[in-house]
Amino acid sequence: MGELHGSHTRGGVDDVGASLASHPRRDSLLIRERLVEGVHLGITSEHGLIAHGRGEAFDYLIGERTRGFAEIAIRAAVAALLLAERPVISVNGNAAALVPGELVKLSEVTCAPLEVNIFHHSEERVDAIAAHLIGFGGADILRPSKEAVIETLSSGRRYVNPEGIARADVVFVPLEDGDRCGALRAIGKAVIAVDLNPMSRTSRDASITIVDNVVRAVPRMVERVLEISDGGEGEVLRRDVEDYEHASVLADAEGAIRSGL
Ligand code: PTJ
């Protein structure tokens, strides 16, 4: 997992990190702290805290580490992003609070723009998320627009950017609610999701699902891009996509949870 201190705002995570130095659940508590801080900064919705609780429970059950089924999906996801013509990385309030710098880096190495897309829509929160990403080195952050609408969605997620998600062929959605994944698939887009629950609608509806915590999956995706840019690229990318079998990856993840192994 990436370093869980020093990367966010002054005080907040750092102060808590120092006070938890010897706590056995330190990493997990620091991740929570990032989200609480995200709420205070106007980035994360209060509902995002509840969504995180769901995720935490599943993370505990998968052993809080990147498992083989996630690694297969990470390889396929990176390959799909690199092979895409118009890839886009969608960012909501939880992802922005948890992995802002890592998303900026992933955007750079895959040439996929970052687009703010949130369920609980407000212009203030879009501004706050965009500013937060810029603070971590992001540039040209795309915003949702009423000029491009996914008609089948009723939440704030229906508003997309005409130059981004609207015309993307591959959309990466780290941490998602169920409706949009299906809606994006229905209009012909490939969707890559990160979701700790392999049984969720998002996990099932996505083209590729990484059953892992975004705090581990996104840095690993960056690392993977750098690994494969060393040579044999096209062949490796095609093989990574071909090796991915959605149903079997989800079954392995669910099996790991149910068996406790
Ligand atoms: O910022 P907004 O307004 O777009 O709101 C975002 C939330 C997350 C509130 C919204 O998308 C939502 O309500 O999500 P759900 O329907 O609660 O689904 C969240 C899914 O993400 C669940 O299946 C969780 O298991 C999973 N999850 C939560 N935290 C993580 C996670 N998956 C990976 N990494 C996490 N850290």
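By convention here, the first residue in the shown sequence is residue 1. As the structure lists them, so they are numbered: ligands from 1, and atoms in each ligand from 1.
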| query | When you measure from atom 34 (N) of ligand 1 to every protein heavy atom, which one gives the shortest distance, and what is it? | reply | V214 N, 3.0 Å

| At what distance is the nearest protein heavy atom to atom 5 (O) of ligand 1, and which residue and atom is it? | H120 ND1, 3.8 Å

| query | Is it the side chain (CB and beyond), the backbone, both or neither of L175 that lies under 4.0 Å from ligand 1, heavy atoms counted? | reply | side chain

| request: In plain terms, say whether K105 and E102 are close enough for a salt bridge, that is, a side-chain N and a carboxylate O under 4.0 Å apart. | output: no

| request: Could you see which bit of H121 sits under 4.0 Å from ligand 1, with heavy atoms only: side chain, backbone, both or neither? | output: neither

| task | For ligand 1, note which part of L98 has a heavy atom under 4.0 Å away: side chain, backbone, both or neither. | result | side chain

| remark: salt bridge (charged side-chain N to carboxylate O under 4.0 Å, His left out) pairs touching residues 184-201, sequence neighbours excluded, are D179-R201

| remark: re atom 1 (O) of ligand 1, the protein heavy-atom contact at minimum distance is G93 N, 2.9 Å

| query | Which residue holds the protein heavy atom closest to atom 12 (C) of ligand 1, what is that atom called, and what is the gap in Å? | reply | D177 CB, 3.9 Å

| message | Among all the protein's non-hydrogen atoms, which is closest to atom 26 (C) of ligand 1, and how far away is it? | response | D195 OD1, 3.4 Å

| said: What protein heavy atom lies closest to atom 19 (C) of ligand 1? Include the residue and the distance to one decimal. | reply: E176 O, 3.5 Å

| Which heavy atom of the protein is the closest neighbour of atom 28 (C) of ligand 1, given with residue, atom name and distance? | A51 O, 3.2 Å

| field | Whether over 12 other heavy atoms sit under 6.0 Å from E147 CD | value | no

| said: Give me the residue, atom name and distance of the protein heavy atom closest to atom 17 (O) of ligand 1. | reply: R54 NH1, 2.9 Å

| Does the side chain of R32 come within less than 4.5 Å of R25's, by heavy atoms? | no

| Between R125 and ligand 1, which residue portion shows a heavy-atom distance shorter than 4.0 Å: side chain, backbone, both, or neither? | side chain

